[in-house]
Amino acid sequence: MHARPRTATIVCMAMALLAAVGLSAALPRPAHAAQVVTDIAYAPAQPAGSRGHLLDLYLPDTGTAPRPLLIWHTGSAWSSDDGKAGADAIAAIFNPLGFAVAGVSVRSSTQAIFPAQVHDIKAAIRWLRANAATYQIDPNRFAIAGDSSGGWLTEMAVFSGGVAALEGNIGVTGVSSAVQTGLAFYSPTDFLQMNAQNLPGGGLDHNSPASPESLLVGCAIQTCPGTVAQANPMTYVDANDPPLLFLHGQADFLVPHGQSELLFNRIKAQCGRATFVSVPAADHMMDQIMDPAQYGAETVRTTANCGETARVGTLNATWGNFTTFLRGGLQLGTSCEVTYATGTWNGAFNGSVTIRNTGTTPVTGWTVTWTWPGNQAISTAWNATVTQTGAQVTARDAGHNTYIGPGSSQSFGFSATATGSNNPPAQFKMNGVTCTRVLG
């Protein structure tokens, strides 16, 4: 007779904790964006006055346009319609790297049950893609990330691209809701196995009708396995999915670590692409996942082409490493080398630039930028579209030479005028990454 009230109390406490363990403990909130556009309605509010169909955009003042986009949703055990809160901290990290950041809210489980939350995130992605040109966003380079229920939403978006049953008809339609890569922290997957995977010392009663998972799907999860299967990201995994990086703490009291083990094994079985970072002593908190005390102790499992590699301490949970992964998934490249050579004559010169991809992921579409140290002015160019504003130069691929595979290169040339010493640029960047400079 007393079990249910006690269970409900524990559930409420757990939901409050889930809502509180987001990014605020781990990340600062400095000024970071050239432009912040808040409370954009990507669809009409449902119910009226709610926040679940709003997003915030953080647009950088660095990098070259169009910019890659990172979509962020903060988890709350599906109990909040303000998941865009916390995206400012993410923008503080990614805006300086040339990424636009969108914080996206979806409806809470008290406002609408599954699949409403997936319909919402897909509607937001469609809106962002339809309006990409307005905000100088690259519609072909969308990444998504989130923690806890936000990680679940990330995985649903990554794996269900092209699944018509999950598109919904909210907001903008007729535009792709696909993303190109994802980053997820301590996400639930198969709700039906969560109780069995709880830590020996206890955990949340996920089977309770008042559990976050039951409230999401609108029924006690063990009584509606068909609906629960539809809410399981693993249901949609196949070999064509974008690459996913996901992290989970082995001491997670709220979402069992085994949930991510199940997901990794499913991706491997389907010959997908994923990296799973298992952090030994971390609970359900970002600052514990990213604790430097854990560096070198993480188990890192990677799968591609149906195989697996497993190592210890080869991928520390840092924003730098997360950025490298996302850049690879977006085919932006992760490291580069530029060879610069000139031939001079009186008052003018020809220049050649060769970009080599020294990373392990391909580049599809490239932009090379540099700053002249003197009064050099480009007059013509070939194999690239080159523009100059003051001393700032931007060279974009010419369309026929967009692809640079790992270890491969592309070249372009130009004619320019100059007087004086005509020194070479001190630094070149390719897609926002500083390249090693070689003088020819």
Side-chain angles (χ1 to χ4, degrees), residues 1-22 25 74-80 109 114 117 146-156 184-235 246-267 276-291 294 297-299 301 317:
M1 293 296 291
H2 299 288
R4 181 166 296 181
R6 182 175 182 274
T7 298
T9 299
I10 293 172
V11 168
C12 290
M13 291 173 61
M15 292 178 72
L17 179 58
L18 282 163
V21 295
T74 297
S76 65
W78 304 283
S79 67
S80 170
S109 60
F114 173 85
Q117 293 71 25
D147 63 330
S148 195
S149 60
W152 170 87
L153 200 63
T154 292
E155 292 168 358
M156 292 296 290
F185 298 89
Y186 37 80
S187 310
T189 54
D190 186 350
F191 303 162
L192 298 182
Q193 298 195 51
M194 293 179 80
N195 267 17
Q197 293 177 336
N198 275 340
L199 292 171
L204 184 65
D205 181 7
H206 302 279
N207 291 339
S208 165
S211 74
E213 298 78 24
S214 295
L215 294 175
L216 174 69
V217 298
C219 49
I221 58 173
Q222 297 293 346
T223 69
C224 51
T227 302
V228 173
Q230 294 173 28
N232 184 344
M234 292 189 290
T235 299
F246 55 109
L247 301 94
H248 214 127
Q250 295 175 19
D252 196 317
F253 186 81
L254 295 176
V255 176
H257 176 268
Q259 292 286 284
S260 286
E261 292 181 317
L262 291 172
L263 176 61
F264 181 85
N265 291 336
R266 175 65 175 174
I267 296 170
F276 169 34
V277 180
S278 173
V279 185
D283 199 346
H284 198 82
M285 301 181 75
M286 188 79 80
D287 58 352
Q288 292 194 20
I289 289 287
M290 300 183 68
D291 185 353
Q294 300 290 337
E298 310 97 333
T299 298
R301 300 173 65 189

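For clarity, every value in this text was computed on a predicted model and none was experimentally measured.
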| task | Could you give me the CA-CA distance, side-chain angles and deciding distance for Leu262 and Gln197, then say whether side chain to side chain contact (heavy atoms under 4.5 Å, CB included) is met? | result | CA-CA 11 Å; Leu262 291 172; Gln197 293 177 336; 3.3 Å; yes
| query | Which atom pair, heavy atoms only, marks the closest approach of Ala77 to Ser149? | reply | N-OG, 3.3 Å
| said: Just to verify, what does Asp291 make a side-chain contact (heavy atoms from CB on, under 4.5 Å) with, not counting sequence neighbours? | reply: Ala293, Gln294
| request: Please answer whether the main-chain N or O of Asp205 pairs with a side-chain N or O of Ser208 as donor and acceptor at a distance below 3.5 Å. | output: no
| note | For His206, the ring pair (Phe, Tyr, Trp, His ring centres under 6.0 Å) test, sequence neighbours excluded, returns none
| Ring geometry between Phe114 and Trp152 (parallel below 30°, tilted from 30 to 60°, perpendicular above 60°) | perpendicular
| remark: Residues passing the side-chain contact (heavy atoms from CB on, under 4.5 Å) test with Asp283, sequence neighbours excluded, are Asp252, Phe253, Gln288
| Which residues pass the side chain to side chain donor-acceptor pair (under 3.5 Å) test with Asn198, sequence neighbours left out? | none
| Of the non-hydrogen atoms in Pro209 and Leu215, which two are nearest, and what is the gap between them? | O-CD2, 3.9 Å
| task | Please identify each residue that fulfils side chain to side chain donor-acceptor pair (under 3.5 Å) with Glu298, with sequence neighbours left out. | result | none
| Side-chain donor/acceptor of Tyr186 to backbone N/O of Met286, under 3.5 Å | yes
| query | To the nearest 0.5 Å, how far apart are CG in Asn232 and CG in Leu263? | reply | 8.5 Å
| message | Quick test of your reading: applying disulfide (SG to SG under 2.5 Å), list the pairs with at least one residue in residues 186-220, sequence neighbours left out, ordered by first then second residue. | response | Cys219-Cys224
| Main-chain N/O of Pro233 paired with Thr189 side-chain donor or acceptor, under 3.5 Å | no
| said: List the residues meeting side-chain contact (heavy atoms from CB on, under 4.5 Å) with Gln250, not counting sequence neighbours, and say none if there are none. | reply: His257, Ser278, Pro280
| task | Go through the structure and list residues passing salt bridge (Lys or Arg N to Asp or Glu O under 4.0 Å) with Arg301, not counting sequence neighbours. | result | Glu308
| said: Restricting to side chain to side chain donor-acceptor pair (under 3.5 Å), what partner residues turn up for Gln117, sequence neighbours left out? | reply: none
| task | State whether the side chain of Ser79 and the backbone N or O of Ser76 hold a donor-acceptor pair below 3.5 Å, judged by distance alone. | result | yes
| Between CG of Asp147 and CG of Leu247, what distance do you get to the nearest 0.5 Å? | 11.5 Å
| request: Taking Thr154 for its side chain and Gly146 for its backbone only, find out whether a donor-acceptor pair lies under 3.5 Å. | output: yes
| query | Does a side-chain heavy-atom distance below 4.5 Å link Pro212 with Leu254? | reply | no
| Mind checking what makes side-chain contact (heavy atoms from CB on, under 4.5 Å) contact with Gln222, not counting sequence neighbours? | Leu192, Asn207
| Looking only at heavy atoms, what is the nearest atom pair of Ile221 and Phe191, with distance? | CD1-O, 3.4 Å
| note | The ring pair (Phe, Tyr, Trp, His ring centres under 6.0 Å) partners of Phe246 (sequence neighbours excluded) come to Phe276
| Non-neighbouring partners of Ser260 that pass side chain to side chain donor-acceptor pair (under 3.5 Å), sequence neighbours left out | His248
| said: Show, in sequence, the C-alpha distance, side-chain angles and deciding distance for Glu261 and Phe264, and conclude whether the side chain to side chain contact (heavy atoms under 4.5 Å, CB included) test is met. | reply: CA-CA 5 Å; Glu261 292 181 317; Phe264 181 85; 5.9 Å; no
